[in-house]
Asks: 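Once you've had a glance at the structure underneath, I'll fire off some questions.
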2 protein chains.
Amino acid sequence: MSKVGSSAMSASEAIAQRRSESLASIVLREMERMILSGELKAGERISEQNLALRLGVSRGPVREAASALERSGLLTSVANRGVFVRHVSTEELLELYDMRALLTGFACARLAERATAEQKAALRAMVEGLEAAHAAGDGAAYYQGNLDFHEALMTFAGHDKAARIYETLLKEAHLSRRGVLAAAPMMQESNTEHADIVAAIAAGDGPRAREAGERHVLNGKRRLLAKVGGGD
Amino acid sequence: MSKVGSSAMSASEAIAQRRSESLASIVLREMERMILSGELKAGERISEQNLALRLGVSRGPVREAASALERSGLLTSVANRGVFVRHVSTEELLELYDMRALLTGFACARLAERATAEQKAALRAMVEGLEAAHAAGDGAAYYQGNLDFHEALMTFAGHDKAARIYETLLKEAHLSRRGVLAAAPMMQESNTEHADIVAAIAAGDGPRAREAGERHVLNGKRRLLAKVGGGD
DNA sequence: CCACTGAAAACTGTCAACAGTTTCACGGTA
DNA sequence: TACCGTGAAACTGTTGACAGTTTTCAGTGG
């Protein structure tokens, strides 16, 4: 319960070496990491007292961090009982896919009209990398590469608000460890869609790029749904 | 500086009469209200000490509330200097319009397929109310009715995530008092678009509803841009 | 063996105080 | 008059402590 694992070590170091960053923001990052890595499981209670002790800070910064994380949907708090890692229901996960689809489509349409040659090349390279990962049957590499590809789409689009919202949505989706499973099995199908997206962007065809981007994420939702079924 | 104005009174009462709501959440609401009402202007510094004093609480809950509001984009904090009401640039406001357009289009498409007869009737009634406000030249009524109509679109769509994001975006947009001005002048044009949206929804035409919803908000963006020009 | 009671332990919500930084006013100097 | 140190006042970041609530658990009775 009170183990000062190596996982918390980096945060402790950060606290020791801090210069101008507030403890609250360090605790925030650490809590977020713990939640997203699955170190803290969904529905699990977080004792601010224990956490403060483990991180070597007082409860004030921990409460501030928790307050912020609650706002961004990673925690829920119950009066006099503390904060809990939020449980993302299947319905909510599906809604997250809807929103990601919308944003991805938007970004793709934008890229079709403003992507630089370098950006197009980078996207093409990423798709080839994913192809290689698929050929090698390397699920982990595909998973990471897929995340990178989607992040690149949002970043290259040069729309701060869209990228920021997407980031938040992705973190929330990661709360449900189910989302992770959906990507690996259908590598071939998924990467074909990636290629479609890049092709539409390269062709400068906004509507087609938007449709391809949106469809791709919605297909991911469908693939997830097929896997989950009425399972839970 | 230290006036305990009538504006803070309701919050003070809430604090006095509280039963199970945390002080932090009350302070959060009050700060949000102050910011959105324009009582605190963009770029203005918020002294947590003064605020705590005015609300009759200690600095702890104020800091928690500020931490949460920073996360949702209403405040920015600077180390050792405190928190400031965020300044929303024109570029950022335009991006907010993009996102609202996306979400509105999404909601409209959804409504075309799942709106109940009551919901359709309610939307129609709202458009008629707006028409009346326009005829009467009542800008304030039109402004509020317009907000209500858009909120209804998001609520009726039955998509929690979309509604929640929309709400956040709207609050951020309200930070820039420029957005407010855009609605009033073009009542006729704006409400014609509202009618188009409702017609498409009533007809069960998803794509057309989506297009109409998206276009409507983007036209709002265009109207805003025309007004602002290169002004600032 | 199980359900119940009640007191102790643990924890959250809140506050007041301390240390370090920033801001501001004041007085001296060119 | 304008400029620049300098010290006091004000404020933020953080902590430890107190009050009230929840949880735990040993002991009791059925």
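Chain letters run A, B, ... following the sequence lines, proteins first, then strands; residues in each count from 1.
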Asks: What's the closest nucleotide to the B/Gln49 side chain, out of D/dC11, D/dT15, C/dT12?
Replies: D/dC11
Asks: Given atom CG of A/Asn50 and atom C1' of C/dA9, what is their separation to the nearest angstrom?
Replies: 14 Å
Asks: Would you say a side-chain N or O of B/Arg63 is under 4.0 Å from OP1 or OP2 of D/dT12?
Replies: no
Asks: Under the salt bridge (charged side-chain N to carboxylate O under 4.0 Å, His left out) rule, collect the residues that match up with A/Arg114, sequence neighbours excluded.
Replies: none
Asks: Taking only residues at least two apart or on different chains, which pairs with a member in residues 94-108 of chain B satisfy salt bridge (Lys or Arg N to Asp or Glu O under 4.0 Å)?
Replies: B/Asp98-B/Lys221
Asks: Considering residues at least two apart in sequence or located in another chain, which fulfil the side-chain hydrogen bond (donor to acceptor under 3.5 Å, both in side chains) criterion with B/Glu70?
Replies: B/Ser77
Asks: Rounded to the nearest angstrom, tell me the gap between atom CD in A/Glu48 and atom C1' in D/dT22.
Replies: 14 Å
Asks: Please determine, for the side chain of A/Ser47, which listed nucleotide (D/dT12, C/dC11, C/dT14) has the closest atom?
Replies: C/dC11
Asks: Of all residues at least two apart in sequence or in a different chain, which pass the side-chain hydrogen bond (donor to acceptor under 3.5 Å, both in side chains) check with B/Arg164?
Replies: B/Asp160
Asks: Check salt bridge (charged side-chain N to carboxylate O under 4.0 Å, His left out) between A/Arg86 and all other residues, then give those that pass, not counting sequence neighbours.
Replies: A/Glu92, A/Glu172
Asks: Can you check the A/Glu64 CD to D/dT12 C1' distance for me, whole Å?
Replies: 10 Å
Asks: Provide a list of protein-nucleic acid N or O atom pairs under 3.5 angstrom, restricted to nucleotides 16-22 of chain C.
Replies:
none

Asks: If we count only N and O atoms by modelled type, under 3.5 Å, do the side chains of A/Tyr142 and A/Ser190 hold a donor and an acceptor together?
Replies: yes
Asks: Separation of B/Leu28 atom CG from C/dT14 atom P, in whole Å?
Replies: 13 Å
Asks: Which part of the nucleic acid does A/Ile46 contact within heavy-atom distance under 4.0 Å: base, sugar-phosphate only, or nothing?
Replies: sugar-phosphate
